[in-house]
Structure formats: structure tokens, C-alpha cells
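This report refers to the structure that appears directly beneath it.
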Amino acid sequence: MKRRRSQNNQRSSPSRRWHIPPPLIHGPETLEGGGVLQDWGNELGVVLWQAFRDVMLWATTPAENRDSIFSDPPEDVRRIRVEPVLGLYADPRLLSSLETLRQIAEQPAGTREEDVARACRALSEWADDQGKLATALAFAQNAALASGGDAAAAFWVATIAVRLNDHARAEVWFRRAIGLARQSRNWRMYSRAFGGLGNLYIRRGNLPAARRLHTRALRGAKRGGMRREQAAALHDLFAVAVESGSGAEAERLARLALESYGTRNRRVHVLAHDVAYYWMEQGSFDRALPVFQAVLPLIERPIERLFVLADIARAAGGVGDVETASDTATQVWLLASEPDLEHGAGRALLEVARGYLSLSDTKKAAEAAQHALTSAAEYRESKVRFAAEALLESIGSTPAPTPPSLAPSDEVGDQLAADFVRTLQTIAGAAD
């Protein structure tokens, strides 16, 4: 009898391991899909909200019952809801997706689930490009509900929820993506979903759980033989090691991540920047500066160039390179004044202030820190605001500071920095 119970337990264990949580589709909003209306506040918002509600009802109704879920409005009534939008917005993703979703109410039983999922995903990505995250989340969920077994669709919901700071919803959808990916043996999505969940736990400060989750992501990537996902998992484990204060482990993981990325993947610059920033925070400005400088040619987005230039200014100040610190600080000031980049001014000018402080130029440091404080208050960046306040207080209460002492050099870190520079230069040269 004992043997029989043991066998039964063994047979039941896979079902627990493969358990897929039900989708969490409701958040704190009082009106279902109300975030869509808030995103737009115009006629387009109403049309999108109607489309969202139609798809939600259709996707959550069993296929055999869909034929009777809508009342039968005259065709011209439904066309009136959409045609004004079609005349005002020319983006093909928006127009073609709405045309597809309009068929749901007209032919609910004859509309294919893959067509609905494709249209909703396109609308979600379009809304994301417009900066309308609530709309992006609403249609991401619709796409995932329409294609219930698609791990990638569930993963996309989770990533949007993270950006909206809806962590409860994000966790459910990450876990759902993991289960779906495990069932379909989609090791790429399996790894990415574990990585996303691990990063969510880093945000919560649960580093032991984050380390376990990122280790699972690494195992999934190895199981699928995917070097890019292995590199991403090692990069995330590097972040956990940094947060844990394990410097030697962090550099070891950074080395492994660099080797996994190789010399052809432009994503190396993200890892290189993170490692260089870690070194800068440790006082190893001489090690960080050439890496930042090698990263800059690979950066295309203006806001990212603003931040890297600010890091160069701070690192140059740390090594006493007045000319480089001054030149890059000037570029940061110019970029930070552009309307599209003003939201990044606080973070960037704080780094400039720190660079000036290393050079004992308290006047310029105070000016940059004051502007950083003003920007941080406007854009509600609490961490930047507190740091700028602390820096201004230190300037007002102490004599002119001396440049910080550099962290002791070690051959392992120096070699890693040199390899980053060489890899970044190779990638930049190949792109020319």
C-alpha cells in the first residue's frame, strides 16, 4: 500500500510542477479598461475601449457560445464608431487592427483566435510606442487571452505590467509564461520569463529569491543552447551580486556574460555600461572611464547618450581629467535643455555635479546639483532628489573636497575592462 501511494505521488508531482496560474486581468481600476479612456481622453479612446471590451467578452467566452454573445447592431451603427478614427489616424497598425477587431461583433463565431491575437498584439505595441501603457496592457491581455497557450503573449503582458508598477499582475503573468513555455518546451521564453520574474524580485529586495530565479533562467537558456539568453541571465546574476555586495562574484559573472555575448552582439554595450557604473560607484574611475567612452559610439537614443555622457563627465572628474570632464559636462547641459530630454536632466546633472565635486569645483558642482534637484522635483524622481539634496548639503557644510581615492587596482578587473573596450570597439568598427 505504501508503494502504491508513493507511485501515485510521483505521478501527481508533474501536475504541480506544470501548474499554470489563471490570468489576472483586473487591477485597481474601478472601470474595466478605464485606463484606456484615461490614456487618450478623446474619441479614439472610446473606440479603443469599445474594441477592448468586445475582445475581452469574446476571448473569455467558450468558442461554442460566442455566436450569441453580442446583440445584432445594424452594420452602419458599428461602422460609425470606427470610421471617424480611420479618417484621423493613419498608422496602418492601428487601422488594420481595428478592422480585424470590428469583425468580432459582426461574426463572433467566424473570427479566428490567431487573427484576434495578432491584431491585439499589434495594437498593444502601437500603444506602447505612443507611450500609452494602460492601453498597451489592456490589449496585451486581450492578445494573451485570445491565444491562451502562447507563452510569449503572457510574457508581454508581464513586461508591460512591470513598467506600470503593477507587480502583482506582473508576477502572475510571468509565472503563467513560465508554465506555458515549459509545456511547449519553448526554452527561450522559459528563460526570459524566469529572468523577468527574477528582476521583479530584485525590485522587491528579495535577493535570495532573485538569485534562484535567475539561476533557473540560466539553466533554461543552457538547456535550449541559447547563448544570448545565457548572457542575459548571467547579466542579471551580475546585478544580484552587485546588490548583495559580492564584488569578486560580480566580476566573475560579468566575464562569463561577456564571453556568452561574444563580439557580434550589440547588447554587450548594456552589460559594459552596467559593469563600468559598478566600478565607478566603487571608486575605480580609471577603469570605468575608457569603458564608458567605448560604449558611447554604440548609443543611438538621445536619452541614453545623455546618461552615458554624464557618466563620462563624472568618471573623468574622478581621475582628474579636467578637459574631458568639462567638455562632456557642456554636452550634457546642452542635451538636458532639449524639450524631449528634460525628463532625464536630473539624473544626468547629478552625475555631472559629482564629477565637478571630484575636481574640487564646488561652484559648478552646486549649480549642477541645484538644477538636478529642480528637475527631480518636477518629474518626481525621489532618489535623484535625495541624492542632490545630500550633495548640496555636503558642499555647504564642508571645505572644498579633495578628489576621491581610487579603488585599488587588480589585474582581473583591469583585464575585464580592457576586454570590454576591445569588444565594443570591434562591434563599433563592424557597424561603420
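Values below: every heavy atom of this structure, side chains too, minus hydrogens, waters and symmetry copies.
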Between [X] and [Y], is there a donor-acceptor pair closer than 3.5 Å when you use the side chain of the first and the backbone of the second?
X: Ser337; Y: Leu334; result: yes
X: Asp128; Y: Ala136; result: no
X: Ser260; Y: Leu256; result: yes

So does [X] pair up with [Y], basic N to acidic O under 4.0 Å?
X: Glu389; Y: Arg385; answer: yes
X: Arg314; Y: Glu281; answer: yes
X: Asp115; Y: Arg118; answer: yes
X: Glu367; Y: Lys364; answer: no
X: Arg305; Y: Glu338; answer: no

side-chain contact (heavy atoms from CB on, under 4.5 Å) between Leu101 and Asp54, worked out: CA-CA 8 Å; Leu101 298 185; Asp54 284 353; over 6 Å; no

Greater than 12 external heavy atoms within 6.0 Å of Arg255's CZ: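 For Arg255, atom CZ is crowded (more than 12 foreign heavy atoms under 6.0 Å).
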
Proximity of Phe52 and Trp49 rings by center, below 6.0 Å: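 Not close enough - the centres of the two rings lie 6.0 Å or further apart.
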
For the residue pair [X] and [Y], what are the closest heavy atoms and their distance?
X: Ala257; Y: Leu271; result: CB-CD2, 3.6 Å
X: Trp173; Y: Ala144; result: CZ3-CB, 3.4 Å
X: Gln230; Y: Gly225; result: NE2-C, 4.3 Å
X: Ala348; Y: Ala310; result: O-CB, 3.4 Å
X: Leu180; Y: Gly149; result: CD2-CA, 3.9 Å
X: Pro297; Y: Ala294; result: CD-O, 3.3 Å

Step-by-step side-chain contact (heavy atoms from CB on, under 4.5 Å) determination, Thr324 to Val319: CA-CA 10 Å; Thr324 299; Val319 299; over 6 Å; no

Is the shortest side-chain heavy-atom distance between [X] and [Y] below 4.5 Å?
X: Val291; Y: Val275; result: no
X: Glu229; Y: Trp187; result: no
X: Leu137; Y: Leu133; result: no
X: Leu57; Y: Arg53; result: no
X: Leu296; Y: His269; result: no
X: Gln50; Y: Arg102; result: no
X: Leu197; Y: Leu200; result: yes
X: Trp126; Y: Phe139; result: no

When rounded to the nearest 0.5 angstrom, what is the spacing between [atom1] in [X] and [atom2] in [Y]?
X: Arg121; Y: Asn142; atom1: CZ; atom2: CG; result: 13.0 Å
X: Glu125; Y: Ile160; atom1: CD; atom2: CD1; result: 9.0 Å
X: Glu304; Y: Leu298; atom1: CD; atom2: CG; result: 11.0 Å
X: Asp340; Y: Leu306; atom1: CG; atom2: CG; result: 12.0 Å

Residues Arg163, Thr159; criterion side-chain contact (heavy atoms from CB on, under 4.5 Å); working and verdict: CA-CA 7 Å; Arg163 292 164 60 192; Thr159 56; 5.6 Å; no

Worked verdict on Arg227 versus Asn265 for side-chain contact (heavy atoms from CB on, under 4.5 Å): CA-CA 10 Å; Arg227 291 179 63 86; Asn265 193 322; over 6 Å; no

By ring pair (Phe, Tyr, Trp, His ring centres under 6.0 Å) - contacts of His273 (at least two apart):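 Only Phe292 meet the ring pair (Phe, Tyr, Trp, His ring centres under 6.0 Å) criterion with His273.
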
With sequence neighbours excluded, residues passing ring pair (Phe, Tyr, Trp, His ring centres under 6.0 Å) with Phe174: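 Partners of Phe174 by the ring pair (Phe, Tyr, Trp, His ring centres under 6.0 Å) criterion, ordered by chain and then number, come out as Phe155.
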
Charged tip of Arg267 within 45° of Tyr261 ring normal and under 6.0 Å: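 Negative - Arg267 is either too far from the ring of Tyr261 or too far off its axis.
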
Between [Y] and [X], is there a side-chain donor-acceptor contact under 3.5 Å, judged purely by atom types and distance?
X: Trp156; Y: Ser124; answer: yes
X: Gln415; Y: Asp419; answer: yes
X: Tyr277; Y: Glu351; answer: yes
X: Trp58; Y: Thr111; answer: no
X: Tyr201; Y: Arg211; answer: no
X: Arg287; Y: Gln282; answer: no

